[in-house]
Structures are given as structure tokens and as C-alpha cells.
Amino acid sequence: MTQSDPGRLGWWARLKRPSAKHSVLALAAVGFVGGIVFWGAFNTGMEATNTLQFCVSCHEMRDTVYQEYQYTIHYSNRTGVRAICSDCHVPKDWTHKLIRKIKASGEVWGKITGSIDTKEKFEAKRLELAQHEWERMKARDSIECRNCHSFEAMSPELQKKTPYKKHMEAKAAGKSCIDCHQGIAHKLPKGYKKPGTDDEEE
Amino acid sequence: MKYQSRMIAMASMAAFALAGFSPAALALDVEAAKDLAEQNNCKQCHGIKKDKDGPSFLKTAEKYRGKANAEDEIVKHLTSGKKVKLADGSEENHKIVKTMPPNDMAQIKNLAQYILSTQP
């Protein structure tokens with residue numbers, strides 16, 4: 001087998017074989033441009049899955065949590081700032097975003113098998129799904145909340161006294177946003193009791 | 001005579017039903033009220049029987065129980081954001097209870113009834 005007989009080479013050997021025709025510059029230029037095109041397309045595709053329209057394109061989200069979210073302050077408020085699904089549920093940094101997207105393939109499987117394809121099924125699974133998301137948020141110290149909110153930016157003059165006191169206590173105790181703020185953009189699972197609010201009735 | 005006594009019995013039953021089971025009383029949905037209280041973090045400041053920054057539900061129930069305008073007073077408290085005195089003596093606007101869909105008075109009234117129903 002010689003290099004002058006390329007027709008008999010396997011595909012891997014062909015790939016490894018140095019180019020006899022093209023210059024290194026031409027190959028580098030094609031690789032560079034191709035890399036930009038691939039990277040751009042990949043990122044554009046990934047960003048497309050981060051839009052509100054994409055998230056509510058499935059009825060599982062559109063008919064349940066999306067309906068509730070529209071009544072919350074993260075959807076409509078005095079200042080016109082909106083946090084969409086991905087702002088809270090998808091990490092901003094590339095590596096963690098990619099990991100989240102890969103994990104989201106499990107949701108595609110759920111869609112195919114119809115695990116929450118009716119409101120009743122969704123409600124039955126809401127606590128489990130919510131707990132997964134709360135655990136994910138807790139594990140990263142509620143980074144998606146803290147992209148916009150921080151203890152340091154809370155004004156003792158502008159924030160109500162009680163929430164300010166609770167926030168400072170939470171900060172001192174090393175708590176994360178999601179430890180207290182559950183169900184802020186969606187209904188809490190039926191019968192769910194937030195930690196720390198249990199009292200003598202239980 | 002027999003007919004008359006039957007009529008009286010039926011009228012009594014109807015009166016009893018109206019007095020004891022008014023539409024408002026029938027509407028109390030304890031689980032829905034508890035869920036709304038949880039969603040609005042009521043229990044951060046109010047215990048069921050224990051005072052926190054605000055009075056317990058029991059204390060509120062005992063304050064208003066038997067009063068004709070009890071439900072209206074509590075509804076006003078939950079929806080107007082009026083100034084309230086906290087346990088430490090300071091004053092603050094009370095949180096306005098939010099419902100889904102917004103301003104659903106049936107849900108607010110149900111919560112008011114739930115608070116009023118608290119027993120020692």
C-alpha cells in the first residue's frame with residue numbers, strides 16, 4: 001500500500017494522510033472559518049432552546065407552570081424587567097449551561113413517554129419535579145437568583161423592615177435564596193410546607 | 001293538622017339549614033386556604049397558635065369571632081396593605097396576599113374563614 005494508491009486506503013487512513021494538494025494556509029483558513037460557523041451554529045441552536053417561546057412550545061409547560069408564572073412579579077412588574085424560564089432554570093456560564101442542556105435530554109424522554117402529558121399527571125409529579133429543581137438551585141447557591149439579586153444590594157431604607165431583617169439573618173446563617181423562596185414563580189405543590197414555617201399545628 | 005306539623009318541621013329544617021350552613025360556611029376549603037397561606041409566606045410572621053412578629057391566627061380568630069363583620073375585616077387586612085404593629089413595636093405595611101389568578105376574592109375569603117375557624 002503506497003500513498004500513490006489512495007483508492008485502496010481506509011477512511012481513517014485517508015483522514016490521517018497529509019494533503020498533497022492543499023497548502024497548510026488553505027487548510028488552516030478552512031478550519032478557522034469552519035470552526036466559526038460550527039461554533040456560531042451550535043451556540044445559536046443552544047440559545048434558541050433558552051427562549052420563552054421554546055419552553056412553552058410544549059403543552060406540558062404552557063398549560064401548567066407558564067399559566068401560573070404569568071401572574072407573578074417575574075413576568076409582569078412596575079419596572080418592566082422580566083425573568084424568563086431560562087433566567088432561573090438554566091445556568092448562564094457556558095460549561096454549566098451545556099451540562100444542564102445535556103441533562104435536559106431526560107425531559108425529552110419524559111415528553112416522548114408522556115410522563116406529565118396531562119394536568120393530573122403533572123400535579124401528581126409536581127413535588128418530585130420541584131424538589132429536583134430546588135436541589136439543583138441549592139447546590140449552586142441559587143446562582144440564577146443571584147445573577148440579579150444580592151444581599152449586599154438590599155437597602156435597609158427601601159426594603160420593608162421584616163424582609164430586610166429576615167434577609168440579614170439568612171445571610172448570617174449562610175442560607176441560599178431557594179432555602180426560603182420556593183414557589184415564587186409557580187404554585188407550590190399541594191400540601192407542601194416550607195421549611196421553617198412549621199409550628200405547633202403539626 | 002298532620003299536614004301543618006309536617007310543614008312546620010320542613011320550615012324549621014330549612015331555617016336551620018340556612019342559619020347553620022350559609023353559602024359562606026360551605027365554601028371553606030381548608031387545604032386551599034393552607035396552600036394560599038404557604039404560598040404567601042403568612043407563617044413567617046403568624047403562627048397558628050403562636051405569636052411571632054404578628055399575632056397568631058388563633059388570636060385573630062378570638063378577636064373577631066362572633067362579630068358580624070369578622071370576615072370583611074380580615075379580608076380588608078389581607079388586601080389593603082394597611083399599617084400594622086409588629087411584636088417589637090415597630091410599624092410596617094402588611095403584605096397584600098396574592099392569588100392566582102390575581103385578586104380572586106373567593107380565595108381571600110376562604111383564607112379569612114380559615115383564620116377565623118382556628119380553635120384553641
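So that the names make sense, note that chain A is the first sequence line, chain B the second, and so on, each numbered from 1.
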Heavy-atom count check: over 12 atoms from other residues, nucleotides or ligands less than 6.0 Å from B:Lys95 NZ? yes
Under a 3.5 Å distance rule, please check whether B:Gln39 uses its side chain to pair with a backbone N or O of A:Gly183 as donor and acceptor. yes
State whether A:Lys165 and B:Asp88 are salt-bridged, where the test is any N-O pair (Lys NZ or Arg NE/NH1/NH2 against Asp/Glu carboxylate O) under 4.0 Å. no
Kindly check if the number of other-residue, nucleotide or ligand heavy atoms within 6.0 Å of CG (A:Asn43) is above 12? yes
Would you call B:Glu92 and A:Pro163 a side-chain contact if the rule is heavy atoms closer than 4.5 Å? yes
Quick check on A:Lys160: does its NZ atom have over 12 non-hydrogen neighbours (other residues, nucleotides or ligands) under 6.0 Å away? yes
What is the minimum heavy-atom distance between B:Glu38 and A:Tyr192, and which atoms define it? CG-O, 3.2 Å
Give a yes or no on whether A:Lys166 atom NZ has more than 12 heavy-atom contacts from other residues, nucleotides or ligands under 6.0 Å away. yes
Okay, B:Cys42 and chain A: the region with an atom under 4.5 Å from a heavy atom over there is neither
If you count the non-hydrogen atoms of other residues, nucleotides and ligands that lie under 6.0 Å from NZ in A:Lys97, is the total more than 12? yes
Whether over 12 other heavy atoms sit under 6.0 Å from A:Lys119 NZ: no
Run the side chain to side chain donor-acceptor pair (under 3.5 Å) test on A:Lys194 and B:Asn41 for me, step by step, so that the C-alpha distance in whole Å, both residues' side-chain angles and the decisive distance to 0.1 Å come before the verdict. CA-CA 9 Å; A:Lys194 290 184 182 180; B:Asn41 291 322; 2.6 Å; yes
Which atom pair, heavy atoms only, marks the closest approach of A:Lys161 to B:Ser90? NZ-OG, 3.2 Å
Should we count NZ of A:Lys92 as having more than 12 external heavy atoms under 6.0 Å? yes
Using a 3.5 Å distance criterion without hydrogens, assess whether the side chain of B:Asp35 forms a donor-acceptor pair with backbone atoms of A:Lys190. no
Is there side-chain contact between B:Gln44 and A:Thr162, with at least one heavy-atom pair below 4.5 Å? no
Report yes if the side chains of B:Lys43 and A:Lys193 come closer than 4.5 Å at any heavy-atom pair, otherwise no. yes
Kindly indicate, with the supporting measurements, whether the criterion side chain to side chain contact (heavy atoms under 4.5 Å, CB included) is fulfilled by A:Thr72 and B:Lys98. CA-CA 9 Å; A:Thr72 71; B:Lys98 289 179 189 150; over 6 Å; no
Counting only heavy atoms not in A:Ile73, do more than 12 sit closer than 6.0 Å to its CD1 atom? no
